[in-house]
Amino acid sequence: MSRSRPLAALAEPLVAAASGLAGAPVDGVLERPSDAERGDDATTVALQLAKKLGRPPREVAEELATSMSGSEALAGAPEIAGPGFLNLRVSDDWCADALADLLDAGVDYGGGSAPKAERVQVELVSANPTGPLTVGSARNGAYGDSVARLLEFAGHDVEREYYYNDAGSQMERFRASVEARRRGEEPPEDGYHGEYIAELAKVDGDPVPGMLERIENTLERFRISIDSWERQSSLEVEIPAIVEELETYEADGAVWIRSTAFGDEKDRVLIRSQDRGGLPTYEAADAVYMRKKFARGFDRLIYVLGADHHGYVPWLKALAGACGRDSDAAEVLIYQLVHLMEEGEAKRVSKRRGDVVLLEELMDAVGVDAARWYLVMRGHDQTIDIDVQLAAERSSANPVHYVQYVHARTSAIFREADGAPVMASAYADLGDAERDLVKRLVEFPDVVAEATERRGPHAITVYAVRVADDFHRFYHHHKVLQKHFEAVTPEQQGFRLALCRATQSVIARCLDLVGVESPDRM
RNA sequence: GCGCCCGUAGCUCAGGGGAUAGAGCGUGUGCCUCCGGAGCACAAGGUCGCAGGUUCGAAUCCUGCCGGGCGCGCCA
């Protein structure tokens with residue numbers, strides 16, 4: 001894992017001492033103590049080393065502490081606590097250095113963590129155009145797009161693609177439903193019944209392009225920009241050629257791919273038997289599609305799928321193998337489903353009946369910012385219950401506003417500051433709230449790197465709330481502008497403006513990574 | 001039956017081997033002659049589903065069980 005420069009500088013003497021004792025390199029040694037009273041940073045290396053060395057932990061801790069004293073990053077000697085924890089207190093100079101470093105990095109702060117840049121395709125949403133996007137697709141989009149943003153920020157070249165089925169039985173039912181409306185009839189029983197069907201019926205021709213246009217507009221409003229679109233019918237013409245090249249066999253009149261040879265849990269049918277129509281399956285299109293994706297030059301293919309598709313994971317991994325790639329080149333991100341609630345009761349919904357909650361309705365009810373934040377703030381492994389009426393009522397309590405308020409507040413300060421100098425040089429005796437905020441901001445590169453690596457953008461929202469918490473506390477305890485508060489010295493004003501600038505920039509980045517705007521006023 | 005995900009404060013959730021388990025919302029009590037009160041401070045609130053195991057140390061890793069969600073088609 002990458003580490004920001006100031007943290008590395010802090011860890012260096014400790015790593016050197018620990019590695020010396022262990023006789024081998026030691027890494028990942030610093031962590032935040034559970035209680036700020038105990039110090040700014042802490043380490044458990046002494047506990048880990050004690051066993052290896054066969055010596056009492058406190059004795060090892062003692063030796064580490066001695067070899068670290070004198071480091072300029074530290075204020076005083078490390079303190080030994082409990083069974084052998086080492087608690088460190090950073091110096092004011094270190095805080096100023098860290099802040100200066102952060103401001104120097106500017107908008108790139110925390111970015112570029114990718115060890116090597118890859119061409120990555122993220123396939124997301126990919127809902128069939130039989131109706132407007134639902135909140136279920138919205139979670140796919142909010143999650144997938146945030147992962148894409150994280151990857152871009154890490155330095156990868158990312159393309160977002162939307163795949164849809166424009167043929168097949170579902171689409172025929174959809175078209176038949178629109179046709180029925182045009183004739184003034186009710187759509188068939190197994191057709192689609194939402195109000196949008198009547199809308200589409202007003203315009204002649206294939207309703208699919210109109211539906212796709214509405215979907216694209218909704219996604220744009222949701223701040224997801226699709227780079228490319230792929231449709232199933234254009235893949236199908238290439239199926240026969242692909243089937244020739246893959247390792248297949250015939251059984252029960254159907255053509256199967258031996259995907260178990262690449263780790264799949266079962267072989268899959270590519271071409272149905274004659275008595276079932278003899279047509280290619282969805283999986284056959286998958287095979288063509290994945291080959292094309294690799295041929296387009298992507299190093300990594302990311303599929304964002306709902307938990308109802310998790311049985312599909314071994315298939316896609318196996319398919320990558322069948323394409324002659326490492327199975328890791330196809331990465332499947334599974335998120336848990338969104339359940340709709342109505343006044344606390346689970347609501348059974350049917351897309352065909354048209355009684356779903358639309359993404360458009362969610363955005364109307366709570367706004368784009370709250371909607372995106374809400375759908376990404378929980379871990380993707382967590383199911384979400386959503387009650388739109390309740391969500392609308394509570395939107396003012398959404399933590400996104402608490403975080404955005406920090407941006408608005410810092411903007412207000414700079415509007416008042418009349419261009420006063422921003423100076424990241426420490427004045428004597430920083431306050432606790434100032435030190436806490438510096439330390440929080442210094443964590444950012446590690447937080448982003450881990451969120452990216454684990455495909456967990458919700459970690460960004462959790463971190464942003466903590467930054468907001470630390471900032472509001474700082475703001476409340478320390479006045480910034482000398483113009484309003486005579487007791488503030490020019491050095492304090494400079495340092496505090498630097499803190500405001502750094503906070504503003506980190507918050508703006510956090511919000512951007514999850515597709516939320518950074519308002520200058522609220 | 002098999003597979004994947006979840007079970008942590010009243011509610012919604014963080015926490016990927018470390019100290020006294022955290023946040024938001026909700027509840028209670030205090031804070032504005034001053035840079036934005038969409039804020040701050042304090043308080044109440046917990047058998048981390050249950051039982052074993054690994055470890056100096058487990059909410060976290062392993063096994064079993066209980067409870068909830070989702071899968072396991074020549075559907076798309």
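To find a chain, count down the sequence lines: A is the first, B the second, and so on, and within it residues start at 1.
Using cut-offs of 30° and 60° on the angle between ring planes, the pair A:Tyr312 and A:His309 is perpendicular.
When both pairing distances are held under 3.5 Å, B:C50 makes a Watson-Crick or G-U pair with B:G64. Across all strands shown, B:C25 pairs with B:G10; the Watson-Crick or G-U wobble distances both stay below 3.5 Å. B:C40 is paired with B:G30 under the criterion used here, namely a Watson-Crick or G-U wobble arrangement in which both key atom distances are under 3.5 Å. Nucleotide B:C4: paired with B:G69 (Watson-Crick or G-U wobble, both distances less than 3.5 Å). When both pairing distances are held under 3.5 Å, B:A59 makes no Watson-Crick or G-U pair with any nucleotide shown. Base pairing of B:G17: no nucleotide in any strand meets the Watson-Crick or G-U wobble criterion (both distances under 3.5 Å). Applying the Watson-Crick and G-U wobble criteria (two distances, each under 3.5 Å), B:C35 pairs with nothing in any strand.
The CZ atom of A:Arg58 sits 20 Å away from the P atom of B:G18 (whole-angstrom rounding). Between A:Asp381 atom CG and B:C70 atom P the separation is 16 Å, expressed in whole Å. One atom, CE of A:Met377, and another, C1' of B:C11, lie 13 Å apart when rounded to the nearest Å. Taking atom CG of residue A:Asp470 and atom P of nucleotide B:G22, one finds them 15 Å apart after rounding to whole Å. Whole-Å rounding puts the A:Trp373 CH2 to B:G24 C1' distance at 11 Å. With rounding to whole Å, A:His310 atom NE2 is found 13 Å from B:C6 atom C1'. When the P atom of B:C75 is taken as reference, atom CG of A:Asp190 falls 16 Å away, rounded to whole Å. Rounded to whole Å, atom C1' of B:C75 lies 13 Å from atom CZ of A:Arg268.
For A:Ala307, the listed nucleotide lying nearest its side chain is B:C70; candidates were B:C35, B:C74, B:C70. Of the listed nucleotides (B:C70, B:C74, B:A14), B:C70 has the atom at the smallest distance from the side chain of A:His339. Taking the side chain of A:Asn87 as heavy atoms from C-beta on, and the options B:C6, B:C35, B:A19, the nearest nucleotide is B:A19. Counting only heavy atoms from C-beta on, A:Pro399 has its side chain closest to B:G24 among B:A19, B:C70, B:G24.
Judged by distance alone, the side chain of A:Arg496 and the main-chain N or O of A:Lys479 form a donor-acceptor pair under 3.5 Å. Side-chain atoms of A:Gln336 never come within 3.5 Å of backbone atoms of A:Gly306 as a donor-acceptor pair (strictly under, hydrogens ignored).
We find that A:Asp436 and A:Arg473 are not joined by a salt bridge, their nearest charged nitrogen and carboxylate oxygen being 4.0 Å or further apart. By the 4.0 Å N-to-carboxylate-O rule, A:Lys293 lies too far from A:Glu161 to be salt-bridged with it. Salt bridge A:Arg268/A:Asp264: present, at least one basic N to carboxylate O contact under 4.0 Å.
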Exercise for the section: Going 5' to 3' through nucleotides 36-45 of chain B, assign each nucleotide B (protein heavy atom under 4.0 Å from a base atom), S (under 4.0 Å only from sugar-phosphate atoms) or - (no protein heavy atom that close). Expected result: BSBBSS----
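Contact annotation: A:Arg276 reaches the phosphate of B:C75 (side-chain N/O to OP1 or OP2, under 4.0 Å). At least one side-chain nitrogen or oxygen of A:Gln382 sits closer than 4.0 Å to the OP1 or OP2 atom of B:A14.
Using a 4.0 Å heavy-atom cutoff across all strands shown, A:His478 reaches at least one base atom of the nucleic acid. The residue A:Asn398 sits apart from the nucleic acid: no heavy atom pair falls under 4.0 Å. Across all strands, A:Gly379 comes closer than 4.0 Å only to sugar-phosphate atoms, never to a base (heavy-atom distances). Note on A:Lys483: nothing from the nucleic acid sits closer than 4.0 angstrom, heavy atoms only. A:Val480 comes within contact range of at least one nucleobase, with a heavy-atom separation under 4.0 Å. Using a 4.0 Å heavy-atom cutoff across all strands shown, A:Glu172 reaches no nucleic acid atom at all.
Separation of the P atoms belonging to B:G36 and B:U27 is 28 Å when rounded to the nearest angstrom. B:A14 and B:U8 are spaced 10 Å apart, taking the C1' atom of each and rounding to whole Å. The gap from the C1' atom of B:G46 to that of B:C31 amounts to 30 Å, rounded to the nearest Å. Using atom C1' as the reference point in both B:U60 and B:C74, the two lie 44 Å apart (nearest Å). B:G30 and B:C48 have their C1' atoms separated by 32 Å, with the value rounded to a whole Å. Separation of the P atoms belonging to B:C65 and B:A58 is 24 Å when rounded to the nearest angstrom. To the nearest whole angstrom, the two C1' atoms, one in B:G68 and one in B:U29, are 39 Å apart. Comparing the C1' positions of B:C2 and B:A9 gives a spacing of 36 Å, expressed to the nearest Å.
No hydrogens or angles were tested; on distance alone, a donor-acceptor pair under 3.5 Å links the side chain of A:Ser273 to the base of B:C74.
A:Tyr475 carries A:Arg409 over the face of its six-membered ring, with the cationic atom under 6.0 Å from the centre and within 45° of the normal.
Note that OH of A:Tyr303 and NZ of A:Lys317 are 11.0 Å apart. Values are rounded to the nearest 0.5 Å. From A:Tyr162, atom OH reaches atom CG of A:Leu124 across 9.0 Å, with rounding to the nearest 0.5 Å.
In this model, no donor atom of one side chain and acceptor atom of the other lie less than 3.5 Å apart for A:Ser273 and A:Asp252.
Shown here are the side-chain contact (heavy atoms from CB on, under 4.5 Å) partners of A:Asp432, two or more places apart in sequence or in another chain: A:Arg89, A:Arg435.
Classified by its glycosidic torsion, B:C42 falls in the anti category, the angle being over 90° from 0.
Position along RNA chain B of the nearest nucleotide to A:His309 versus A:Val465 favours A:Val465 as the more 5'-ward residue.
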